[in-house]
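For reference, the structure discussed in these notes is given below.
Predicted, not measured: the structure shown is a model, and the values here were computed from it. Chain A is the first sequence line, chain B the second, and so forth, proteins listed ahead of strands; every chain is numbered from 1.
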Amino acid sequence: MLDIRFIRDHGDAVKTAMANRNADTDIDAVLALDDRRRAILAEAEELKAERNRVSKSIGQMIKEGGDPEAVKAQVREMGDKISAFDEQLREIDAQLRESLLYIPNMPSESTPVGKDENDNPVVRTFGEKKSFDFEPQAHWDLGEALGLFDFERGAKIAGSGFPLFTGKGARLERALIQFMLDLHTEEHGYTEIAPPFLCNETAMTGTGQLPKFAEDMYTIPVDGLYPIPTAEVPVTNLYGNEILDQALPILHAAYTPCFRREAGAAGKDTRGLLRVHQFDKVELVKFTTPETSAEEHEKLTADAEKVLQKLGLHYRTIELCTGDLGFSAAKCYDIELWAPAQDKWLEVSSCSNFGEYQARRANIRYRNEEGKPGFVHTINGSGVALPRLVIAIMENNQQADGSIDLPEALWPYMGGLRRLEKS
RNA sequence: GGAGGAAUGGCUGAGUGGUUGAAAGCGCACGAUUCGAAAUCGUGUGGGCCGAAAGGUCUCGGGGGUUCGAAUCCCUCUUCCUCCGCCA
């Protein structure tokens, strides 16, 4: 959420930023609401000050044996007026907050201005495209043949898009999760979190999934809970409504399953693991001061990339332009893996710096050098998401006979197994 | 699921209707003392909103109510603790 005072003082900059984002927002309406709010607030508070004064004098009067009835009546009348003002304020506050919740973050100064994904610059590339002396197979064919997953039965018990892994496929999921968590906790300094997989509306609003993206979420209406679409939600909201007294930055890594309805992408990428309703992911989350957030964002992106380097996978890192930037992000790098049988890049991580946008929504603060509370900056990114990582491992490391060589980094996590082949 | 108890500032903990935003202690910050430190003494020390500031207002788990006035009384919700039941 943006600071209403910032919008008030930098209306034009905000409008430009929203235009760069292709965001449909009515900043003038928000400013008008803000004006009205302050006018009414001033009047209401003046009246309250008066009431408090007179009320106290009643106490005195009674002590001195006077008759306070006339004054009481007067104050009661003031109270009625105040109630009316408060009622108006409640309404305006709710409207204002609702409006602010629908305004996306300001892109950072350094975010390139652009229209859509075609304007996203490639920042760096690691490795290169593997060449095959045979026609590489798609992961769904490889996996089916090797008995790594059984999507038909997954669909039977849950629905299409709910993958089901079997045997070595299930083991590979577990191995990757453990490999990534070990890397981030032992080498990159993150503290592991095992959070709830369901979150309430407050948490979902804090990170920006609600209210705008409700249709992308699964819901459990009877309990008011949502299966999390990313560990970002529970881990960021860990510190909601707190003033942190521990040293920043705080670094957390968390494995969770993620649940996404993919409502806007129905019918797209329906085969295999390209786009699924449930997937595993290791997420990295940082809480920093404004001074260090840019640097910590770069480091977090590097931490995510390290996973792919260790697995020897060809990837590229792109920076999202203003037109392609996520709702809550100020700056974002996407990491994409090359999948030869798909003949395209697959996004496995979005590393975003949210500035104080999420912190303001979730009310996460720290004490600055003056000891005053200020909003932290939050940063997060996948480190990384499993399905497309599995696709890349399978499709890049496949052999002519349909077996798959496992990256060396995974051998210890697979109980020494070096290759997936027909048993 | 049933029956009880609890929720106050960074922490411990007073406070059952009137200048209480809240005693006291601890902690923390600054100052004095000291060659320096400890100890000691003094001063200060929650947060939101409005305001250029002075100041005002709101806030004692959340919401609602009674009252001229609520941390204090009433209703309700949430969370935690204890016991019973059920259960991975």
Side-chain angles (χ1 to χ4, degrees), chain A residues 1-10 30-101 194-206 210 220-226 234 237-248 250 257 287 356-376:
Chain A
M1 173 159 74
L2 299 183
D3 184 359
I4 183 62
R5 283 169 295 202
F6 178 85
I7 301 177
R8 198 185 295 153
D9 297 338
H10 304 87
V30 170
L31 289 173
L33 213 49
D34 175 50
D35 277 343
R36 239 186 96 209
R37 170 177 179 269
R38 285 186 296 154
I40 295 175
L41 187 65
E43 222 174 319
E45 287 198 354
E46 211 172 303
L47 203 54
K48 283 180 184 178
E50 175 70 11
R51 176 183 63 180
N52 289 346
R53 267 196 302 277
V54 178
S55 239
K56 276 177 188 169
S57 77
I58 291 177
Q60 279 295 327
M61 212 181 283
I62 292 173
K63 246 181 237 169
E64 289 159 12
D67 178 12
E69 286 313 315
V71 187
K72 276 193 188 180
Q74 181 198 341
V75 177
R76 205 172 305 142
E77 211 171 289
M78 293 168 71
D80 290 342
K81 273 190 207 160
I82 289 169
S83 297
F85 277 130
D86 280 347
E87 180 56 35
Q88 284 184 62
L89 279 172
R90 240 196 313 277
E91 228 166 87
I92 292 174
D93 281 342
Q95 272 180 49
L96 192 56
R97 177 171 167 83
E98 182 74 2
S99 303
L100 288 172
L101 286 178
F197 299 159
L198 303 180
C199 279
N200 59 30
E201 188 181 324
T202 303
M204 296 290 285
T205 304
L210 293 180
I220 304 175
V222 278
D223 297 300
L225 292 170
Y226 300 80
N237 284 286
L238 270 185
Y239 303 113
N241 287 321
E242 291 188 35
I243 300 177
L244 298 168
D245 50 11
Q246 48 203 300
L248 298 179
I250 296 171
F287 303 84
E356 58 178 47
Y357 187 86
Q358 290 183 326
R360 190 179 297 280
R361 289 171 84 108
N363 195 25
I364 306 167
R365 294 178 293 169
Y366 76 111
R367 292 206 179 268
N368 63 25
E369 282 167 3
E370 293 169 333
K372 289 286 162 210
F375 290 104
V376 301

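Counting to the nearest Å, the P atom of B:C58 and the CD1 atom of A:I82 are 8 Å from each other. Nucleotide B:G47 holds its C1' atom 11 Å from the CZ atom of A:F375, rounded to whole Å. When the P atom of B:G69 is taken as reference, atom CD of A:E77 falls 13 Å away, rounded to whole Å. If you measure from atom CG of A:N363 to atom C1' of B:G61, you get 15 Å, rounded to the nearest angstrom. Whole-Å rounding puts the A:N241 CG to B:G46 C1' distance at 15 Å. Atom CG of A:D80 and atom C1' of B:U67 are 13 Å apart (whole Å). The nearest whole Å value for the distance from the CZ atom in A:R38 to the P atom in B:A52 is 8 Å. Atoms CD (A:E46) and C1' (B:C49) sit 16 Å apart, rounded to a whole Å.
On the C1' atoms, B:U16 is 45 Å away from B:U33, given to the nearest whole Å. On the P atoms, B:U12 is 33 Å away from B:G85, given to the nearest whole Å. Across the C1' atoms, B:U59 and B:A71 are found 11 Å apart, a figure rounded to whole Å. Rounded to the nearest Å, the gap between the C1' atom of B:U19 and that of B:A70 is 15 Å. Taking atom C1' in both B:C60 and B:G13, one finds a spacing of 13 Å when rounded to whole Å. Across B:G48 and B:C83, the matching C1' atoms stand 41 Å from one another, rounded to whole Å. Of the P atoms belonging to B:G5 and B:C77, the separation is 16 Å, rounded to the nearest Å. Taking atom C1' in both B:U76 and B:A7, the straight-line distance is 16 Å, to the nearest Å.
For A:R8, a side-chain nitrogen or oxygen approaches OP1 or OP2 of B:C50 to under 4.0 Å. For A:R365, a side-chain nitrogen or oxygen approaches OP1 or OP2 of B:G48 to under 4.0 Å. Phosphate contact (OP1/OP2 of B:C49, side-chain N/O of A:R5, threshold under 4.0 Å): present. Residue A:R37 places at least one side-chain N or O closer than 4.0 Å to OP1 or OP2 of B:C50. OP1 and OP2 of B:C49 both lie 4.0 Å or more from every side-chain N or O belonging to A:R90.
Looking only at side-chain heavy atoms (C-beta outward), A:R37 and A:Q95 stay at 4.5 Å or farther from each other. Side-chain contact between A:I364 and A:Q358 is absent, with no heavy atoms from C-beta onward closer than 4.5 Å. Contact annotation: the side chain of A:V376 never approaches that of A:Y239 to less than 4.5 Å [non-hydrogen atoms, C-beta and beyond].
Look at B:U78: its Watson-Crick or wobble partner, with both distances under 3.5 angstrom, is B:A7. If you check B:C73 for Watson-Crick or wobble pairing at under 3.5 angstrom, you find it paired to B:G65. Of all nucleotides present, none satisfies the Watson-Crick or G-U wobble test against B:A39 with each distance under 3.5 Å. In a base pair of the Watson-Crick type (N1 to N3 plus N6-O4 or O6-N4) or a G-U wobble (N1-O2 and O6-N3), with each distance short of 3.5 Å, B:C87 is matched with no nucleotide.
Considering only the side chain of A:I243, B:G47 comes nearest among B:G47, B:C50, B:C68. Set against B:G46, B:C68, B:U19, the side chain of A:K56 has B:U19 as its closest nucleotide. Looking at the side chain of A:N52, the nearest of the listed nucleotides B:C50, B:G46, B:U57 is B:U57.
Nearer the 5' end of RNA chain B, as judged by each residue's closest nucleotide, is the contact made by A:P373, out of A:V75 and A:P373. Comparing A:A49 and A:V71 by the nucleotide of RNA chain B whose heavy atom lies nearest to each, the residue mapping closer to the 5' end is A:A49.
In this structure, A:E242 places its CD atom where more than 12 heavy-atom neighbours from other residues, nucleotides or ligands lie under 6.0 Å away.
Note on A:K48 versus A:E45: no salt bridge recorded, every NZ/NE/NH1/NH2 to OD/OE distance being 4.0 Å or above.
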Mind running salt bridge (Lys or Arg N to Asp or Glu O under 4.0 Å) on A:D93 and A:R97 for me, showing each step along the way? CA-CA 6 Å; A:D93 281 342; A:R97 177 171 167 83; over 6 Å; no
For A:Q74 and A:E77: C-alpha separation, side-chain torsions, deciding distance, then whether side-chain contact (heavy atoms from CB on, under 4.5 Å) applies. CA-CA 5 Å; A:Q74 181 198 341; A:E77 211 171 289; 5.8 Å; no
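Contacts of A:R53 with the nucleic acid, taken as non-hydrogen atoms under 4.0 Å apart, are absent.
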